[in-house]
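Right, one structure below, let's go through it.
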Amino acid sequence: MRRRHLRGVMAIERQVYPRPWSPNLFLSEMAESKNRCYLVARIDREVVGYGGMICYGEEAHVTNIAVDPLRQRQKIASRLLHDLVVEAVAMAAEAVSLEVRVTNWGAQRLYGRFGFRPVGVRKNYYQEIGEDALIMWLDGIRDPVYRRRLAELVDELPDGIRPGVVRSNLLASQVAVHERFGGVVPELASRAHVEALNPLLEQALDEAGLGFGDLDGVAVTVGPGLVGALLVGIAAAKSIALATRAPLIGVNHLEGHILANAIEHGPDLAPAVCLVVSGGHTMLVHMPEPHRYELLGQTLDDAAGEAFDKVARFLGLGFPGGPALDRLARQGDPDAIRFPRAMADSGDYDFSLSGLKTAVLRHVRAEREAGRDVDPADLAASFQEAIVDVQVAKTMSAARERGVERVLLGGGVVANTRLRDRMGKAGAEAGIEVWFPSMALCTDNGAMIALAGSWRLARGERTDLSVGADPALELA
Ligand code: KG4
Ligand code: ZN
């Protein structure tokens, strides 16, 4: 650490410690070069962390290790700790000691990996925040075995971000709450979120065999979606991030649906053309490289899932109607009724679905007036076919036009068996790979958000704790 680093050091010190050292205290410590060691970590010349140590004979005591809160979990603290231990050996110390807040699990876990053991508690050590300090101790630092281990540690640490491994993926279904209204009631949705969230979090950690302190990051949907429901999730995620000091990362729900494919197919998704079809969206997107999206087209009115739900309700199939309609359609003839293929020849990648819904209603009314029965299974199959036809045609022509060899499907409607089937066949004929997640990962789930978040964290992205919900957040 040099005088010129002091501004960067103080900026971090003031954020991290309840009672920050003064610049003068740092200067006088730096001047004592005999038994002191002060280091800074820098990225692109910017100070992102620092550590300090005083050596009293055989014991080296770490006075501070701090990392810019926006740069947590980037191996910076591990690097600093590693270098401090190496310096301690150079200063002829035998052991290293330090204090850490009793609730700072993340730091304790890091020190534990370096071989530090808890040896006692200092009551009310951090008076400003009324917290105790855990005293941790590491000895045997001159031992050749430990020094070899130490060299390996910097390469391994932290083990955090391993994309694609799902340890737990739980869902609190709200279907029972909304069923009797035939659709989602926003106020009830928010309240159900509040009630379900904490028990669900505990259960997920339990299943994963982890504690809050083990988390390397907290990913949360920030949009698009219902603002009340988003806010509940964001507030919970912020609290966890703040308490555990794990970084927060805001995720776009639609990116979650696309990246869900990586959970089963592996991380090499791009370049690809993606069809996102859910209760709120119907869109075609070009993904030339990871995390870059170019909107090719979208629905001008209803979303595909919305159309499924509305026609299902009309058929008395309950809510949400997509899965029930899918099941019913399997017994019907998709060619029984020729419904319009809206915008099939529009020459662009936009969709329109409200006309189809009206055509279904009009057909049923006309048949009834003519005294004929309508077979609900035929109706369901024919309606579904009209949607699937247009989606398959537009997706394949977008893939050809963009010259990609892969199509990714995402969103609740991708659970539709006919869509999966037809898209798979069309892909095989065109020599284009078609990937879709397993059923449970098509409809909304936490795993896809965790995966998208972990990828963004690995890129060094962080979301500020001041982030809010964005109901209309765009992907491109
Ligand atoms: O992605 P998602 O779970 O929630 C939103 O982000 O909207 O999508 C839910 C939508 C609902 O409209 C539901 O009816 C539809 O996906 N869906 C289906 C099927 N399973 C779910 N639509 C057609 N066939 C299915 N098998
Ligand atoms: Zn969704």
Side-chain angles (χ1 to χ4, degrees), residues 169 171-175 178-179 181-184 186 189 193 220-227 229-230 233 251-261 274-283 285 298-299 301-315 317-332 334 351 353-354 356-357 360 377 379-392 408-423 436-452 471-473 475:
N169 181 30
L171 180 81
S173 171
Q174 293 198 0
V175 166
H178 303 298
E179 217 163 20
F181 302 99
V184 174
H193 270 78
V220 63
T221 309
V222 292
L226 290 174
V227 68
L230 292 171
V251 172
N252 183 311
H253 181 77
L254 303 174
E255 176 168 70
H257 274 309
I258 292 171
L259 300 189
N261 281 287
C274 319
L275 174 73
V276 183
V277 272
S278 70
H281 292 84
T282 294
M283 55 168 67
V285 179
Q298 60 187 327
T299 180
D301 37 60
D302 290 355
E306 205 178 346
F308 269 99
D309 292 339
K310 283 178 178 165
V311 170
R313 182 155 59 166
F314 175 67
L315 290 172
L317 298 176
F319 170 85
L325 197 144
D326 184 352
R327 241 173 288 128
L328 179 62
R330 275 175 237 164
Q331 282 130 47
F351 301 84
L353 288 147
S354 67
L356 176 59
K357 179 190 63 198
V360 170
L379 191 76
S382 301
F383 156 78
Q384 182 175 272
E385 203 68 5
I387 291 195
V388 170
D389 262 355
V390 180
Q391 291 188 350
V392 170
L408 305 175
L409 309 181
V413 179
V414 179
N416 185 271
T417 42
R418 187 70 179 163
L419 180 64
R420 295 162 87 91
D421 208 42
R422 291 273 319 274
M423 203 68 93
F436 38 77
S438 60
M439 298 280 198
L441 295 174
C442 286
T443 43
D444 288 352
N445 64 87
M448 70 185 197
I449 303 301
L451 181 114
L473 184 64
L475 181 63

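Both ligands and their constituent atoms are indexed starting at 1 by order of listing. The first residue of the sequence shown is numbered 1, and numbering continues consecutively from there.
Neither the backbone nor the side chain of His281 comes within 4.0 Å of ligand 1, counting heavy atoms alone. At a heavy-atom distance under 4.0 Å, only side-chain atoms of Asp326, from C-beta outward, approach ligand 1. Within the 4.0 Å heavy-atom criterion, both parts of Asn416, backbone and side chain, lie near ligand 1.
What sits closest to atom 13 (C) of ligand 1 on the protein, heavy atoms only, is Asp309 OD1, 3.8 Å.
Within ligand 1, counting atoms from 1 as listed, the ones closer than 4.0 Å to a heavy atom of Gly305 are 12 (O). Less than 4.0 angstrom separates some heavy atom of His257 from each of these atoms of ligand 1: 1 (O), 6 (O). Listed by number with element, the atoms of ligand 1 under 4.0 angstrom from any heavy atom of Gly279 are 5 (C), 7 (O), 8 (O), 9 (C), 10 (C), 12 (O). Interface atoms of ligand 1 facing Gly280, defined by a heavy-atom separation under 4.0 Å, are 7 (O). If you number the atoms of ligand 1 from 1 as listed, the ones under 4.0 Å from a heavy atom of Ala415 come out as 20 (N), 26 (N). Below 4.0 Å from some heavy atom of Gly412 lie the following atoms of ligand 1, by number and element: 1 (O), 2 (P), 3 (O), 8 (O), 16 (O), 17 (N), 18 (C), 19 (C), 20 (N), 21 (C).
For the residues Leu419, Asp444, Ile387, Thr221, the heavy atom positioned nearest atom 2 (P) of ligand 1 is part of Asp444. Of the options Gly256, Gly322, Ala329, the smallest heavy-atom separation from atom 22 (N) of ligand 1 is shown by Gly322.
Residues Glu306 and Lys357 are not paired through a salt bridge, judged by the lack of any N-O separation under 4.0 Å between the basic side chain and the carboxylate.
Under the 4.5 Å side-chain criterion, counting only non-hydrogen atoms from C-beta, Ile387 is not in contact with Phe351. Proximity of Val276 to Gln298: side-chain heavy atoms (C-beta onward) are nowhere separated by under 4.5 Å. Between Val277 and Leu419 there is a side-chain heavy-atom pair separated by less than 4.5 Å.
A side-chain donor-acceptor contact under 3.5 Å links Thr282 to the backbone of Ala304.
For Arg313, the CZ atom counts as loosely surrounded, since its 6.0 Å shell holds 12 or fewer non-hydrogen atoms of other residues, nucleotides or ligands.
Proximity of His253 to ligand 1 is established by a heavy-atom distance of less than 4.0 Å. Using 4.0 Å as the threshold, Arg327 has no heavy atom nearer than that to any atom of ligand 1.
Sorted by chain and number, the protein atoms of type N, O or S within less than 2.8 Å of the Zn ion (ligand 2) are His253 NE2, His257 NE2, Asp444 OD1.
To the nearest 0.5 Å, atoms NZ (Lys310) and CZ (Phe319) are separated by 12.5 Å. Rounded to the nearest 0.5 Å, atoms NE2 (His257) and CD1 (Ile449) are 7.5 Å apart. Of the inter-residue distances, the one linking Cys274 atom SG with Leu259 atom CG reads 8.5 Å to the nearest 0.5 angstrom. Expressed to the nearest 0.5 Å, how far CE of Met423 lies from CZ of Arg418 amounts to 12.5 Å. Here the OG-CG distance, from Ser173 to Asp444, works out to 11.0 Å after rounding to the nearest 0.5 Å.
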Worked verdict on Asp326 versus Thr417 for side-chain hydrogen bond (donor to acceptor under 3.5 Å, both in side chains): CA-CA 7 Å; Asp326 184 352; Thr417 42; 2.5 Å; yes
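Geometrically, ligand 1 and Phe308 share no nitrogen or oxygen pair separated by less than 3.5 Å.
With sequence neighbours excluded, the residues that form a side-chain contact (heavy atoms from CB on, under 4.5 Å) with Pro224 are Asn252, His253, Leu254, His281, Leu473.
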